[in-house]
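These numbers were taken from a predicted model, which means no experiment stands behind them. All values below were derived from every heavy atom in this structure, side-chain atoms included, with hydrogens, water molecules and symmetry-related copies excluded. Residue numbers begin at 1 in each chain, while the letters A, B, ... track the order of the sequences.
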Number of protein chains: 2
Amino acid sequence: MVNSISSLDRTDIAILRVLQAEGRISNVELSDRVHLSPPATLARVRRLEQEGYISGYAAMLNREKLGHDNLALIEIALELHQYERITEVLDRLVAMPEVLECYHVTGEYDYMIKVSTVNNRALDHFIAKRLIPLPGIARIHTSIVLKALKQTTELDLPEP
Amino acid sequence: MVNSISSLDRTDIAILRVLQAEGRISNVELSDRVHLSPPATLARVRRLEQEGYISGYAAMLNREKLGHDNLALIEIALELHQYERITEVLDRLVAMPEVLECYHVTGEYDYMIKVSTVNNRALDHFIAKRLIPLPGIARIHTSIVLKALKQTTELDLPEP
DNA sequence: GTTGAAATATATGACGT
DNA sequence: ACGTCATATATTTCAAC
């Protein structure tokens, strides 16, 4: 099974669209928005959660107000290409709370991580004391984010 | 004011930590977790929302199950450096629903965007028909995400 | 900040369509 | 699969401490 979107109807997609934007909306208001009764709406939400279409709910916080003044995108090239060492390095990398995202990517580098820290000093510490010491890091390239123009988790859901 | 984290106490931080991970937790359970009464907890949550520490709540969806098989990180270098043209291009860019994130970054390129599409064909269409036609795009470099190893919005909140 | 009580809104289950 | 209704919970507000 490549995906399971075909098993969702228009109402399911409508529910997901609302919940992506307003994760804490009440069931009564949600049911109103998707033109369904509250019990029917709640049953669908529970089904979407159960079947894994909704993986969870999160409060989106204001990074700057919470002291995170620094965001960086770091490309990483790995040296050793023995599978076991790589998975160990990746396990340690994704366990770091400063690392918000980690992707295996095509191109000159192997991985791209997004790192959020309180300031440049903390980023320097992260790179020098936590990232570089990992075994098998061949090369890194850091891009500092000067400004975030858009940050959303809302997917553009296709019509069923 | 650089940031306002100093006006938050341990309980506020505890509330934010819980809500980052469980955005739809009930006020009663949240109050239990942070060892506070429900009314006091709710008053703090409302204050954190009001003052912008919490910017909103979102359901996190499963990209693959919803037919989004393709994720790409695209670096963009701009040609013209007249402020007005640039802001127009950026406005159009961030308005595109396929663009989940857009950052002004340091380095060889000027901007980095994260793009989620249903498949490679849709990504090709996005690049060829929507991105490249924007005025002033000098050069782009696309990295395809082969695997997402970590994707979270949970910030590592400092102790007050 | 807590506790307790009351009004309101919400979530959930039973039943009928 | 949905709507209506009834019930159980939760939320919200207000008091008094």
Side-chain angles (χ1 to χ4, degrees), chain A residues 1 3-62 65-67 153-155 157-160, chain B residues 3-62 65-67 153-154 157-160:
Chain A
M1 167 178 40
N3 68 66
S4 346
I5 188 129
S6 45
S7 68
L8 301 182
D9 64 14
R10 273 181 176 70
T11 306
D12 291 320
I13 297 294
I15 288 172
L16 292 174
R17 284 197 178 124
V18 173
L19 287 177
Q20 278 199 110
E22 293 167 65
R24 265 198 103 131
I25 193 173
S26 75
N27 185 58
V28 172
E29 183 164 351
L30 175 61
S31 68
D32 204 57
R33 299 267 192 98
V34 301
H35 311 299
L36 215 65
S37 72
T41 305
L42 190 62
R44 279 172 180 263
V45 171
R46 292 288 176 261
R47 198 194 81 231
L48 291 167
E49 290 169 352
Q50 207 76 44
E51 296 181 353
Y53 292 98
I54 298 171
S55 53
Y57 300 89
M60 311 307 286
L61 305 188
N62 184 320
K65 289 202 72 157
L66 289 162
T153 55
E154 280 187 67
L155 299 180
L157 297 181
E159 292 293 335
Chain B
N3 68 66
S4 344
I5 189 130
S6 45
S7 68
L8 301 182
D9 65 12
R10 275 183 174 71
T11 305
D12 290 320
I13 297 295
I15 288 171
L16 293 174
R17 284 196 178 127
V18 173
L19 288 177
Q20 278 199 112
E22 293 167 63
R24 267 197 99 128
I25 193 173
S26 76
N27 184 58
V28 173
E29 183 165 351
L30 175 60
S31 68
D32 202 58
R33 298 265 193 98
V34 301
H35 310 298
L36 215 65
S37 70
T41 305
L42 189 62
R44 280 172 180 263
V45 172
R46 292 286 175 263
R47 198 194 81 229
L48 292 167
E49 290 169 350
Q50 209 76 44
E51 295 180 355
Y53 293 98
I54 297 171
S55 54
Y57 300 89
M60 310 307 285
L61 305 188
N62 184 321
K65 289 202 70 155
L66 290 161
T153 56
E154 281 188 65
L157 298 180
E159 291 294 335

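- Checked by atom type and distance alone, the side chain of A:R33 never pairs as donor or acceptor with a backbone atom of A:I15 at under 3.5 Å.
- Summarising the geometry, atom CG belonging to A:D12 is positioned 8.5 Å from atom CD belonging to A:E51; distances are rounded to the nearest 0.5 Å.
- A donor-acceptor pair under 3.5 Å is formed between the side chain of A:Q20 and the backbone N or O of A:L155.
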All N/O pairs under 3.5 Å across the protein-nucleotides 9-11 of chain D interface:
{"from": "D:dT11", "atom 1": "OP1", "to": "B:N27", "atom 2": "N", "distance (Å)": "2.8"}
{"from": "D:dT11", "atom 1": "OP2", "to": "B:V28", "atom 2": "N", "distance (Å)": "3.1"}

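- Contact footprint of chain A on DNA chain C: nucleotides with an atom under 4.0 Å from a non-hydrogen protein atom, first to last in 5' to 3' order, C:dT10 to C:dG13.
- Side-chain N or O atoms of B:S55 include one that pairs as donor or acceptor with a backbone N or O of A:M60 at under 3.5 Å.
- Here A:N27 contributes atom CG and A:L42 contributes atom CG; the two are 4.5 Å apart, rounded to the nearest 0.5 Å.
- A:K65 and B:Y53 get closest at one heavy-atom pair: O-CE2, 3.8 Å.
- Considering every non-hydrogen atom in both A:L8 and A:L48, the closest pair reads CD2-CD2, 3.7 Å.
- Side-chain atoms of B:R17 do not come within 3.5 Å of backbone N or O of B:E154 as any donor-acceptor pair.
- Nearer the 5' end of DNA chain C, as judged by each residue's closest nucleotide, is the contact made by B:H35, out of A:P39 and B:H35.
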